[in-house]
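Just so it is clear: chains get the letters A, B, ... in the order the sequence lines come, proteins before strands, and each one is counted from 1. Quick note: numbers below take in every heavy atom, side chains included, and nothing from hydrogens, waters or symmetry partners.
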Amino acid sequence: MREEERMENNGLCPGLEPGRFMVAHADGAARAGCLHTAHGIVRTPIFMPVGTVGSVKAVAPDDLHALGAEIILGNTYHLYLRPGDELIARRGGLHRFAAWDKPILTDSGGFQVFSLPGLRKIREEGVEFRSHLDGSKHLFTPEKVIAIQRNLHSDIIMVLDECVPYGTDYPYTAKSIEMTTRWALRSREAYPKGTGRNLLFAITQGGFFPDLRAASVAQLAEHDFDGFAIGGLSVGEPKPIMYELLAHTVPLLPGAKPRYLMGVGTPLDIVTGISHGVDMFDCVLPTRNARNGTLYTSQGKINIKRKEFAEDDGPLDPACACYTCRTFSRAYLRHLYHSGEILSFRLNSLHNLTYYLDLVRAARQAIKEQRFAYFKRHIESLYPDEAAQAAGA
RNA sequence: GGUGGGGUUCCCGAGUGGCCAAAGGGAACAGACUGUAAAUCUGUCGUCGUACGACUUCGGUGGUUCAAAUCCACCCCCCACCA
């Protein structure tokens with residue numbers, strides 16, 4: 001099956017050069033393509049499991065290979081603080097250190113500046129913050145963050161950005177995108193095109209103001225980044241607002257470059273993103289929810305801890321081919337959850353990640369076969385509450 | 001047989017006259033989780049009622065008191081030590 005995928009890969013994007021991105025199929029705004037990184041080709045649209053500290057929680061690389069993960073995430077902030085990017089560099093980089101030989105994208109730490117409350121100062125030079133581990137003070141500059149990610153041997157380096165919370169006013173947001181742009185340009189200067197094999201992605205921001213979103217994209221798009229991300233969404237805003245902004249922003253991003261919607265989202269969010277032309281996604285939901293008992297199935301979302309599953313001998317999802325679904329009953333998975341067993345985290349994570357990877361694979365296939373709109377309606381039908389909410393009901 | 005300690009709402013366990021349907025923890029039930037300080041957090045948790053509230057409960061029985069899980073008497077059971 002892996003071999004088959006590889007052949008499809010070759011068939012999908014013949015002659016794709018290292019470091020390049022290619023759109024092979026389009027269906028409306030949705031597109032399917034390939035991104036060539038230093039550690040191999042990633043087929044888009046893709047979901048990237050989150051492995052913040054160099055580990056996709058509860059899941060080993062073998063499992064990730066089995067469920068078809070093509071690229072995972074690591075985090076600059078966390079790995080810099082512990083065990084240290086230089087230590088990882090001495091181990092031969094994050095791939096070798098973590099025994100993951102496929103691509104890795106590393107987030108810049110911009111999100112941590114946003115999400116970790118407490119002492120932090122954002123100024124032109126960079127961000128001063130305190131470690132959540134020991135309270136020690138650190139300074140992240142755009143240049144420093146690039147250096148850290150190069151030490152990690154990241155395949156896709158994200159620039160340092162400022163992610164503003166929902167509710168941030170217009171004047172602040174307007175200034176913020178200007179600084180995020182300057183930071184991105186400093187990042188590009190610190191790591192000129194052609195220096196190494198790592199790709200460099202810029203992050204567009206703009207809060208919840210369409211014109212600022214457009215301005216941020218315009219400022220960044222004229223420069224030679226390898227990809228463009230949309231940051232600062234799904235930070236507490238109502239879903240219709242996020243969807244409107246997504247619909248507004250994605251088409252502005254350069255069509256020839258990969259487009260990455262950061263930190264999003266639910267299956268519906270992802271399919272919606274794909275429909276607008278997003279190529280890459282990451283989110284903690286499948287792994288975090290797995291650990292908290294919320295599982296995604298072909299019938300929609302279920303909470304495995306519910307009493308109704310206590311004597312349910314059926315598989316978690318009859319339509320799923322993952323190890324968990326092939327092997328265990330809902331009753332057993334519920335028991336493992338209630339007993340606080342470590343195996344619960346692993347089996348649930350395995351399943352949810354399989355669901356997400358299957359989802360993007362199915363989306364890719366639907367695009368290829370020109371039936372993406374139908375596919376999207378099907379996914380919407382699985383999450384009626386969320387779809388209604390997104391529609392503003 | 002003696003001496004001492006104890007029996008509290010599903011479990012453990014606070015509570016020694018009114019502010020007690022009774023702290024806290026656990027279990028149970030339900031919900032949340034979106035570039036992971038998340039193996040986390042929130043709610044419910046005697047019965048009936050949407051609620052103000054009403055009713056029943058602290059081993060048993062009887063008593064003292066305006067008022068008892070709390071005081072008294074007897075009884076039942078458990079634990080420790082001594083015989």
Side-chain angles (χ1 to χ4, degrees), chain A residues 47-59 71-79 81-82 105-118 120 129-135 145 149 154 156-164 166 201 203-205 227 229-239 242-243 246 260-270 272-273 278 280-296 301-310 334 336-346 348-349 352 356 383 385-386 389-390:
Chain A
F47 175 77
M48 306 180 280
V50 178
T52 304
V53 301
S55 150
V56 177
K57 294 187 194 302
V59 179
I71 172 172
I72 64 173
L73 237 74
N75 188 279
T76 299
Y77 167 87
H78 295 271
L79 292 169
L81 288 180
R82 185 170 63 191
L105 178 151
T106 46
D107 186 28
S108 62
F111 186 75
Q112 278 61 45
V113 170
F114 153 83
S115 69
L116 297 177
R120 60 173 191 226
F129 61 91
R130 282 190 183 279
S131 159
H132 70 281
L133 298 173
D134 63 4
V145 157
Q149 292 178 84
S154 173
I156 302 175
I157 293 173
M158 301 304 299
V159 301
L160 186 65
D161 65 325
E162 184 186 18
C163 179
V164 300
Y166 181 57
F201 279 27
I203 304 175
T204 67
Q205 290 284 349
I230 298 175
L233 289 187
S234 205
V235 290
E237 73 280 12
K239 208 171 259 285
M242 172 187 157
Y243 279 20
L246 200 54
Y260 167 24
L261 177 55
M262 303 187 78
V264 173
T266 65
L268 185 62
D269 292 342
I270 288 175
T272 302
V278 176
M280 304 164 68
F281 303 84
D282 79 281
C283 192
V284 304
L285 272 180
T287 41
R288 179 182 291 169
N289 279 351
R291 276 176 274 121
N292 294 327
T294 298
L295 303 173
Y296 295 94
K301 211 165 69 163
I302 70 170
N303 197 327
I304 197 62
K305 66 185 170 192
R306 289 174 64 93
K307 197 187 189 87
E308 62 182 291
F309 303 122
R334 178 178 188 271
L336 289 179
Y337 181 85
H338 278 274
S339 303
E341 282 296 310
I342 294 174
L343 186 58
S344 169
F345 301 137
R346 169 154 177 260
N348 291 350
S349 297
N352 271 356
Y356 267 64
Y383 304 97
D385 294 349
E386 194 188 343
Q389 193 194 339

Considering just the side-chain nitrogens and oxygens of [X], establish if one lies under 4.0 Å of OP1 or OP2 belonging to [N].
X	N	answer
R334(A)	C29(B)	yes
H338(A)	A28(B)	yes
S234(A)	G35(B)	no
R130(A)	A37(B)	no

Heavy atoms only, 4.0 Å cut-off, all strands: where does [X] land among base, sugar-phosphate and nothing?
X	value
D269(A)	base
G232(A)	base
L233(A)	nothing
N75(A)	sugar-phosphate
I342(A)	base
E237(A)	nothing
T287(A)	base

Please give, in whole Å, the distance from [N] [atom2] to [X] [atom1]?
X	N	atom1	atom2	value
Y166(A)	U34(B)	OH	P	16 Å
N303(A)	C33(B)	CG	P	12 Å
Y337(A)	U40(B)	OH	P	8 Å
Q112(A)	A38(B)	CD	C1'	13 Å
K57(A)	A37(B)	NZ	P	8 Å
H132(A)	U40(B)	NE2	C1'	14 Å
K301(A)	G31(B)	NZ	C1'	10 Å
F309(A)	A30(B)	CZ	P	10 Å

*Side-chain donor or acceptor of S339(A) paired with backbone N/O of E341(A) under 3.5 Å*: no
*Donor-acceptor pair, side chain of R334(A) and main chain of K305(A), under 3.5 angstrom*: yes
Nucleotide of [options] approaching [X] most closely (side-chain heavy atoms):
X	options	result
R291(A)	U34(B), G31(B), A38(B)	A38(B)
F345(A)	A39(B), U34(B), U40(B)	A39(B)
L73(A)	A37(B), C29(B), G35(B)	G35(B)
L285(A)	C33(B), G35(B), A30(B)	C33(B)

Euclidean distance for [atom1], [N] against [M] (whole angstrom):
N	M	atom1	value
A39(B)	U34(B)	P	13 Å
G7(B)	U61(B)	C1'	16 Å
U9(B)	A23(B)	C1'	13 Å
G59(B)	G15(B)	P	15 Å
A83(B)	A14(B)	P	31 Å
C58(B)	A21(B)	C1'	11 Å
G46(B)	C41(B)	P	22 Å
G43(B)	C76(B)	C1'	41 Å

Name the pairs: protein N/O against N/O of nucleotides 24-26 of chain B, kept only if under 3.5 Å.
none

*asked:* Reading RNA chain B from 5' onward, which residue's closest nucleotide shows up sooner: F114(A) or G340(A)?
replied: F114(A)
*In terms of the nearest nucleotide of RNA chain B, which residue is placed more toward the 5' end: T266(A) or R306(A)?*
R306(A)
Does [N] have a Watson-Crick or wobble mate here (both distances under 3.5 Å), and if so which one?
N	result
U3(B)	A80(B)
G46(B)	C55(B)
C10(B)	G26(B)
U36(B)	none
U61(B)	A73(B)

*Residues two or more places apart in sequence or in another chain: which of them pass ring pair (Phe, Tyr, Trp, His ring centres under 6.0 Å) with H132(A)?*
Y77(A), H78(A)
With a 4.5 Å limit on heavy-atom distance, are the side chains of [X] and [Y] in contact?
X	Y	value
S108(A)	F201(A)	no
C163(A)	V235(A)	yes
T287(A)	Y356(A)	no

*State which residues pass side-chain contact (heavy atoms from CB on, under 4.5 Å) with I342(A); sequence neighbours excluded, sorted by chain then number.*
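If we apply the side-chain contact (heavy atoms from CB on, under 4.5 Å) test to I342(A), skipping adjacent residues, there are no hits.
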_Whether over 12 other heavy atoms sit under 6.0 Å from R130(A) CZ_ =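 For R130(A), atom CZ is crowded (more than 12 foreign heavy atoms under 6.0 Å).
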*asked:* Go through it in stages, so that I can follow the logic: the residues are L116(A) and F129(A), the test is side chain to side chain contact (heavy atoms under 4.5 Å, CB included), and I'd like the CA-CA distance, side-chain angles, deciding distance and then a yes or no.
replied: CA-CA 9 Å; L116(A) 297 177; F129(A) 61 91; over 6 Å; no
*asked:* Among T266(A), N289(A), N352(A), which residue satisfies the side-chain hydrogen bond (donor to acceptor under 3.5 Å, both in side chains) criterion with Y296(A)?
replied: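 Single side-chain hydrogen bond (donor to acceptor under 3.5 Å, both in side chains) partner of Y296(A) among T266(A), N289(A), N352(A): N289(A).
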*Taking atom types as modelled and ignoring hydrogens, do the side chains of Y243(A) and D269(A) form a donor-acceptor contact shorter than 3.5 angstrom?*
yes
